[in-house]
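Report on the following structure.
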2 protein chains.
Amino acid sequence: MSMNFLQKNKTMILYGLSLAFLLYFLRWLELRVVIINNAFEIYAGIIAVLFTGLGIWLAIKLTRPKTETRIIEKEVYRNNDSDFVLNQNAFEQSGLSKRELEVLGLMAGGLSNQEIADTLFVSLNTIKTHTSSLFEKMEVKRRTQAIEAGKRQGLIP
Amino acid sequence: MSMNFLQKNKTMILYGLSLAFLLYFLRWLELRVVIINNAFEIYAGIIAVLFTGLGIWLAIKLTRPKTETRIIEKEVYRNNDSDFVLNQNAFEQSGLSKRELEVLGLMAGGLSNQEIADTLFVSLNTIKTHTSSLFEKMEVKRRTQAIEAGKRQGLIP
DNA sequence: TCAAAAATCACCCGAAAGTATGAGCGGTTT
DNA sequence: AAACCGCTCATACTTTCGGGTGATTTTTGA
């Protein structure tokens with residue numbers, strides 16, 4: 001903040017000096033050149049242009065640090081699947097077979113019965129049998145409930 | 001871009017008009033007031049101040065706020081246990097309505113469409129509509145996929 | 001106040017999920 | 001060998017889900 005103040009003062013001093021210099025330069029011009037009638041507008045124009053430029057320069061100098069910083073938060077999801085370990089105890093408690101657990105995992109991944117069947121190279125009916133029996137063992141009625149329960153019990157990530 | 005161009009032109013026209021007006025104003029002053037010797041510097045000063053101001057105004061108008069877009073990658077760790085807080089950012093990003101998010105939550109709880117309908121005191125068809133639009137927005141095909149995606153994005157616990 | 005978005009509901013139809021039941025095959029256990 | 005279990009597959013049937021379409025009402029934002 002104090003730096004800013006100094007900077008501003010420096011700029012102001014520069015501005016003052018520039019103004020003084022320009023005025024004296026014009027005065028000098030006035031003395032040197034034969035001034036024709038109605039030449040005032042020419043001087044005024046020159047001054048106008050010069051000081052407009054000065055103003056622009058000033059404004060740019062003063063408002064330069066005014067950069068609007070827009071921060072875009074890009075969310076990066078980490079796959080915490082890596083640090084998943086099967087709750088062996090819960091698995092044994094559940095009474096599920098390895099195959100049924102496997103099916104449950106794929107089910108939780110959002111796969112359809114047909115897709116699970118294709119993945120495991122077995123028939124759709126086989127998967128239906130697996131799901132039916134695992135629903136019974138887990139005491140649920142739907143795959144969504146099975147997924148919910150499975151996650152809660154540490155059976156699936 | 002074309003808008004900017006127009007804006008610039010507008011500013012330029014304003015600038016020209018201001019210059020013309022000021023010059024004529026000063027000319028008028030010259031005619032009206034008895035000009036003492038060495039009064040030139042006073043006029044020059046007035047012009048200088050006025051046009052410096054004009055320059056500053058111009059520069060501010062012309063200098064668009066430089067938007068420095070900084071993309072910050074921010075890792076979001078989900079505590080998918082007890083204390084769940086909705087990822088507001090993800091929610092807004094998803095384009096889901098409040099009701100749709102509500103349905104998604106109940107869906108993840110393992111409820112059937114009929115049960116969700118009963119819970120929210122609306123018809124089964126309404127829930128079907130919600131789920132359909134929700135699937136479309138989330139770019140999924142099944143409820144299990146919606147639940148998976150919803151959990152990953154912090155939309156549901 | 002006016003348009004857009006959200007929420008509500010209905011109907012149809014096909015696909016997917018789930019239920020029930022039966023059965024064959026390879027293992028292990030008793 | 002008989003009993004049991006896990007895995008496989010099948011048929012038949014019911015329920016649920018999801019897509020498509022269209023409509024009305026309510027809410028909201030500009």
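Scope of the values below: all heavy atoms of this structure, side chains included, with no hydrogens, waters or symmetry mates. Residue numbers start from 1 in every chain, and the chains themselves are labelled A, B, ... in the order their sequence lines are given, proteins ahead of strands.
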Look at the side-chain heavy atoms of Ile, Leu, Val, Met, Phe, Trp and Tyr, link any pair under 4.5 Å apart, and say whether B/Leu101 and B/Val122 land in one connected group. yes
Using a strict heavy-atom distance below 4.0 Å, which residues from residues 113-136 of chain B are in contact with DNA chain D? B/Asn113, B/Lys128, B/Ser132, B/Phe135
Tell me, yes or no, whether the heavy-atom count around A/Lys141 atom NZ, taken from other residues, nucleotides or ligands under 6.0 Å, exceeds 12. no
Take atom CZ of B/Arg99 and atom P of D/dT27, then tell me their distance rounded to the nearest Å. 12 Å
Under a 4.0 Å N-O cut-off, is there an ion pair linking A/Arg143 with A/Glu148? no
Could you tell me whether A/Glu102 and A/Lys98 make a salt bridge, using a distance below 4.0 angstrom between a side-chain N and a carboxylate O? no
Between C1' on C/dA7 and CG on B/Leu101, what's the gap in Å once rounded to a whole number? 15 Å
Grab the two heavy atoms, one from B/Ile156 and one from B/Ile147, that are nearest each other, plus how far apart they are. CD1-O, 3.7 Å
I need the NZ-P distance between B/Lys141 and C/dG14, as an integer number of Å. 18 Å
Can you tell me the distance, in whole Å, between the CD atom of A/Gln145 and the C1' atom of D/dC17? 15 Å
Where the side chain of A/Lys98 is defined as all heavy atoms beyond and including C-beta, which of C/dT8, C/dA6, D/dC7 is the nearest nucleotide? D/dC7
Minimum-distance nucleotide to A/Arg142 side chain [options: D/dC17, C/dA17, C/dA7]: D/dC17
Whole-Å gap separating C1' (D/dC7) and CD (A/Glu102): 12 Å
Verify whether one side chain among A/Ser133 and A/Glu100 offers a donor that lies under 3.5 Å from an acceptor in the other. yes
Would you indicate, yes or no, if C/dA17 has its OP1 or OP2 atom less than 4.0 angstrom from a side-chain nitrogen or oxygen of B/Arg143? no
